[in-house]
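These numbers come from a predicted model, not from an experiment. Starting from 1, each residue takes its place in the sequence as its number.
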Amino acid sequence: IDTAFAGLLRQSPTTQKYYLLTSDSQAITLDVPINVNLKNLIGRRIFAEGSFYKDTQTLKISDAKEMEILPAAITPVPTIAIPSSSPTSP
């Protein structure tokens with residue numbers, strides 16, 4: 001399934017594999033090409049897209065272009081409530 005995830009990039013000290021820790025505390029293992037160096041992104045929020053394998057919770061990324069750095073904090077977007085128009089009584 002082609003999809004995307006956003007989260008904090010971490011690296012396992014035992015396996016040296018990279019994973020994303022999402023806002024709902026889900027750990028998604030990243031399978032990245034050898035030529036993509038993620039060491040300088042550890043501890044940063046990133047957006048990554050690729051093919052997701054649910055059985056192994058792995059996101060396979062084929063190109064560095066499928067990732068981008070996100071702001072450190074999630075900023076809510078302000079919304080304005082639009083009043084509904086309802087008929088008025090005489």
Identify all side-chain donor-acceptor contacts of residues 26-34 below 3.5 Å with residues at least two apart in sequence or on another chain.
{"unit_1": "Gln26", "atom_1": "NE2", "unit_2": "Gln57", "atom_2": "OE1", "d": "2.8"}

- Task: Any chance you could measure Thr3, atom OG1, to Lys54, atom NZ, to the nearest 0.5 Å?
- Result: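 So the OG1 of Thr3 and the NZ of Lys54 are separated by 11.5 Å.
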
- Message: Any non-hydrogen side-chain atom of Phe52 less than 4.5 Å from a side-chain atom of Phe5?
- Response: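 The answer is yes; the side chains approach within 4.5 Å.
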
- Query: Got Gln16 and Gln11 here, is their nearest side-chain heavy-atom distance under 4.5 Å?
  - Reply: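 Yes, side chains in contact.
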
For a quick test of reading the model, state the closest non-hydrogen atom pair linking [X] to [Y] and the distance between them.
X    : Y     : answer
Asp2 : Ser51 : OD1-OG, 3.0 Å
Gly7 : Leu20 : O-CD2, 3.5 Å
Ala4 : Glu49 : CB-CB, 3.7 Å

- Message: Tell me whether Ile42 shares a hydrophobic cluster with Leu8, the cluster being built from Ile, Leu, Val, Met, Phe, Trp, Tyr side chains joined at under 4.5 Å.
- Response: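 Different clusters: Ile42 never reaches Leu8 through Ile, Leu, Val, Met, Phe, Trp or Tyr contacts under 4.5 Å.
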
- Message: Is there a continuous path of hydrophobic side-chain contacts, each under 4.5 Å between heavy atoms, that joins Leu21 to Leu9?
- Response: no

- Item | Partner residues of Tyr53 under the ring pair (Phe, Tyr, Trp, His ring centres under 6.0 Å) criterion, sequence neighbours left out | none

- Message: Holding to ring pair (Phe, Tyr, Trp, His ring centres under 6.0 Å), I want the full list of residues that pass it with Tyr19, two or more places apart in sequence or in another chain.
- Response: none

- Query: Taking it one step at a time, do Ile61 and Val36 satisfy side-chain contact (heavy atoms from CB on, under 4.5 Å)?
  - Reply: CA-CA 10 Å; Ile61 299 167; Val36 176; over 6 Å; no

- Task: State whether the side chain of Thr14 and the backbone N or O of Ser12 hold a donor-acceptor pair below 3.5 Å, judged by distance alone.
- Result: no

